[in-house]
Amino acid sequence: MNQTELALQLQQAGIIDQTTAGQLQRSASPWWLQILLAIAAWIASLLIIGSFIGPVLALADHNAVRAVIALLLISAAIWLAVKPLEFLQQMSVAVALAGQGMLVYVSYDLFNDDVARYSCAVIAALLLFSPLTPLHQRLSISIALACLLSLITSPVVLSVSGASLTAIAVLLWYNRQHWARWRYAQTVKSLLEVATLAALLLAISGQSLSWFDNLLWLENTAAYASAFYSISGAIMFISSVFWLSRQATVPSRLALLSMALLLSIVLYSASGLLISAALMLACFYGCSRLWYGLCLLSMLLTTSQFYYSLNLTLLHKAGILALSGLVLLAAWLLLQRYQRRFA
């Protein structure tokens, strides 16, 4: 089944409308052509913005003028985004980000740095319901989330934020077949991808909180944050195994849950591995090869960070990794036996 036939079947089933079906039927450009178009569109946008807005700001350097120009840029970006040409859609991303940046600068000039970060998140949330492109949604959400995370001055709050993002990403991956039919499914997908990436990055940093204990703003509370990260990672990993094994027999399910519990106990000091594993299982269930590969990469990074950290002895860490490998090998043998039994 090609893309055109799939679009027609989805339209006949009432899952998508005629506009969405037309967008699916249009063949996408090659990846190298998309990169060239993106580079050309961003350069053209920067030249146009600089040539027209620069003189205006030089003549009338006032916050009211900046706000009006920012609103005009966002309006122009929305107009460009609804056009079918990829070049214009790439231009809309650059123009919209320029408008958002100018609005954030106005709030920074009027108030302070913290208000500017909050305003960045509010503007990004409002633009999620506009017809701007998915690329703009991902970039805007990422910038807004980075601004909100930069406001956190407590490791406990940081660990709670990381665990919350992980839980949101895992729930959205497991319910992908349900929200994929929504009207704003593309917006939910952008939120999901940004939340998954942020959860993976925070998993790597959360595993090394003790290393930053006396360097930054942690105030000797990194131990509590690290413990919360480990417990939340273990809960999400066991919950993922519990959900994925719901169709197995009771003895097999109990054995898998027991091994998941044992693995969570063994890897208690490696919270990043548990969180990355939980996200990897969720991405595998959501049929995303790209994010599945990124979760595997995150597991490699967290394993390297754990092995070369200084909070435990080398022999202790080697024993933990060896024991976790034996548990995974036993789980693999159990799954092979289960598949041969019901083949």
Among the clusters formed by ILVMFWY side chains lying less than 4.5 Å apart, do Val65 and Leu71 turn up in the same one? no

Output the distance between atom OG (Ser140) and atom CG (Leu128), rounded to the nearest 0.5 Å. 6.5 Å

Minimum heavy-atom distance between Ser232 and Ala163, given as atom pair plus value: OG-CB, 3.7 Å

Write down the atom of Gln90, the atom of Trp42, and the distance for their closest heavy-atom approach. OE1-NE1, 3.5 Å

Close side-chain approach of Leu257 and Leu261, heavy atoms under 4.5 Å: no

With a 4.5 Å limit on heavy-atom distance, are the side chains of Tyr174 and Leu244 in contact? yes

Any Ser276 side-chain heavy atom under 4.5 Å of Leu200 side chain: yes

Would you call the rings of Tyr184 and Phe129 parallel, tilted or perpendicular, where under 30° means parallel and over 60° means perpendicular? perpendicular

Spatial distance of atom OG (Ser298) from atom CG (Leu201) [nearest 0.5 Å]: 8.0 Å

Does Arg138 reach the main-chain N or O of Glu193 with its side chain, forming a donor-acceptor pair under 3.5 Å? no

As an exercise, state the distance from CG of Leu132 to CD1 of Ile74, rounded to the nearest 0.5 Å. 8.5 Å

Taken to the nearest 0.5 Å, the spacing of Phe306 CZ from Ser271 OG works out to 10.0 Å

Should Thr187 and Trp182 count as side-chain neighbours, where that means a heavy-atom distance under 4.5 Å? no

Is it the case that more than 12 heavy atoms not belonging to Arg183 sit under 6.0 Å from its CZ atom? no

Working to the nearest 0.5 Å, report the span between CG of Leu267 and OG1 of Thr303. 8.5 Å

Hey, is OH on Tyr118 packed in by over 12 heavy atoms from elsewhere, all under 6.0 Å? no

Determine whether Ile152 and Ile275 fall in the same hydrophobic cluster, where Ile, Leu, Val, Met, Phe, Trp and Tyr are linked whenever their side-chain heavy atoms lie under 4.5 Å apart. yes

Side-chain contact test, heavy atoms from C-beta onward, threshold under 4.5 Å: evaluate it for Trp173 versus Thr196 and give yes or no. yes

Start with the C-alpha gap between Ile143 and Gln100, add the side-chain angles, then the distance that decides, and say whether side-chain contact (heavy atoms from CB on, under 4.5 Å) holds. CA-CA 11 Å; Ile143 295 173; Gln100 289 178 248; over 6 Å; no

After noting the C-alpha distance and the side-chain angles of Leu273 and Met299, does the key distance pass the side-chain contact (heavy atoms from CB on, under 4.5 Å) rule? CA-CA 6 Å; Leu273 269 174; Met299 292 184 68; 4.1 Å; yes

Please check if the side chain of Ser190 supplies one atom and the backbone of Gln186 the other of a donor-acceptor pair under 3.5 Å. yes

Min side-chain heavy-atom separation Gln137-Val194 under 4.5 Å: no

Would you say that more than 12 heavy atoms from the other residues, nucleotides or ligands in this model lie under 6.0 Å from the OH of Tyr108, or not? no

Between Met102 and Ala70, the two heavy atoms sitting closest are CB-CB, 3.9 Å

Membership question, hydrophobic clusters at under 4.5 Å side-chain separation (ILVMFWY): are Met91 and Val82 in the same one? no

Looking at Trp179, I'd like to know if its CH2 atom is crowded, meaning that more than 12 non-hydrogen atoms belonging to other residues, nucleotides or ligands lie closer than 6.0 Å. yes

What's the separation between atom CE in Met236 and atom CG in Leu274, rounded to the nearest 0.5 Å? 9.5 Å

Which pair of heavy atoms, one from Ala198 and one from Leu165, lies closest together, and at what distance? CB-CD1, 3.9 Å

Side-chain touch Met259/Leu263, heavy atoms, less than 4.5 angstrom: no

Minimal non-hydrogen separation, Ser159 against Ala225, with atom names: CB-O, 3.6 Å

Can you label the angle between the Trp243 ring and the Tyr285 ring as parallel, tilted or perpendicular, going by 30° and 60°? perpendicular

Of Val95, Val68, Leu97, Leu103, the residue whose pairing with Leu73 passes side chain to side chain contact (heavy atoms under 4.5 Å, CB included): Val95

Are Leu127 and His136 packed together at the side-chain level, in the sense that at least one heavy-atom pair is separated by less than 4.5 angstrom? yes

Give the C-alpha distance, both sets of side-chain angles, the deciding distance and a yes or no for side-chain contact (heavy atoms from CB on, under 4.5 Å) between Arg246 and Arg253. CA-CA 7 Å; Arg246 63 190 184 276; Arg253 193 177 194 187; 3.6 Å; yes

Going hydrophobic residue to hydrophobic residue with side-chain gaps under 4.5 angstrom, can you get from Leu323 over to Ile320? yes

Given the rule that I, L, V, M, F, W and Y join up when any side-chain heavy atoms are under 4.5 Å apart, are Ile78 and Val93 in one cluster? no

Under the 3.5 angstrom rule, does the side chain of Ser230 hit a backbone N or O of Tyr268 as a donor-acceptor pair? yes

Which heavy-atom pair separates Gly286 from Arg176 by the least distance, and what is that distance? O-NH1, 2.6 Å

